[in-house]
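Basis for what follows: all heavy atoms, side chains included, without hydrogens, waters or symmetry-related copies.
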Amino acid sequence: MHELRGILGVLRDADRADPRDPTPGLDALDDLVTGAVGTGLEIEVETHGERLLVPVGTDLAAYRIIQESLTNV
């Protein structure tokens with residue numbers, strides 16, 4: 001429950017009108033992958049179709065899930 005509350009807090013912070021730092025999202029995926037490749041991981045990214053705009057909270061959640069997955073590898 002503590003971890004879930006933390007994730008919800010991050011998502012709520014993403015919806016603030018004036019965040020202090022830019023909110024990472026899928027637009028920064030290339031930088032995230034490049035950093036992970038720099039550690040020696042072999043990563044392949046496939047994109048199908050046109051990238052659509054999603055709500056800020058969803059964009060942040062997707063970025064964080066990918067970031068956590070790369071960290072766990």
- Item | Any side-chain heavy-atom pair of Pro24 and Gln67 under 4.5 Å |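 No, side chains not in contact.
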- Query: Does any N or O in the side chain of Ser69 come within less than 3.5 Å of the main-chain N or O of Ile65, such that one atom is a donor and the other an acceptor?
  - Reply: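 Confirmed, Ser69 side chain pairs with Ile65 backbone.
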- Item | Transitive ILVMFWY cluster of Val45, excluding itself - 4.5 Å side-chain cut-off |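 Joined to Val45, directly or through intermediates: Leu26, Leu29, Leu32, Val33, Val37, Leu41, Ile43, Tyr63, Ile66, Leu70, Val73.
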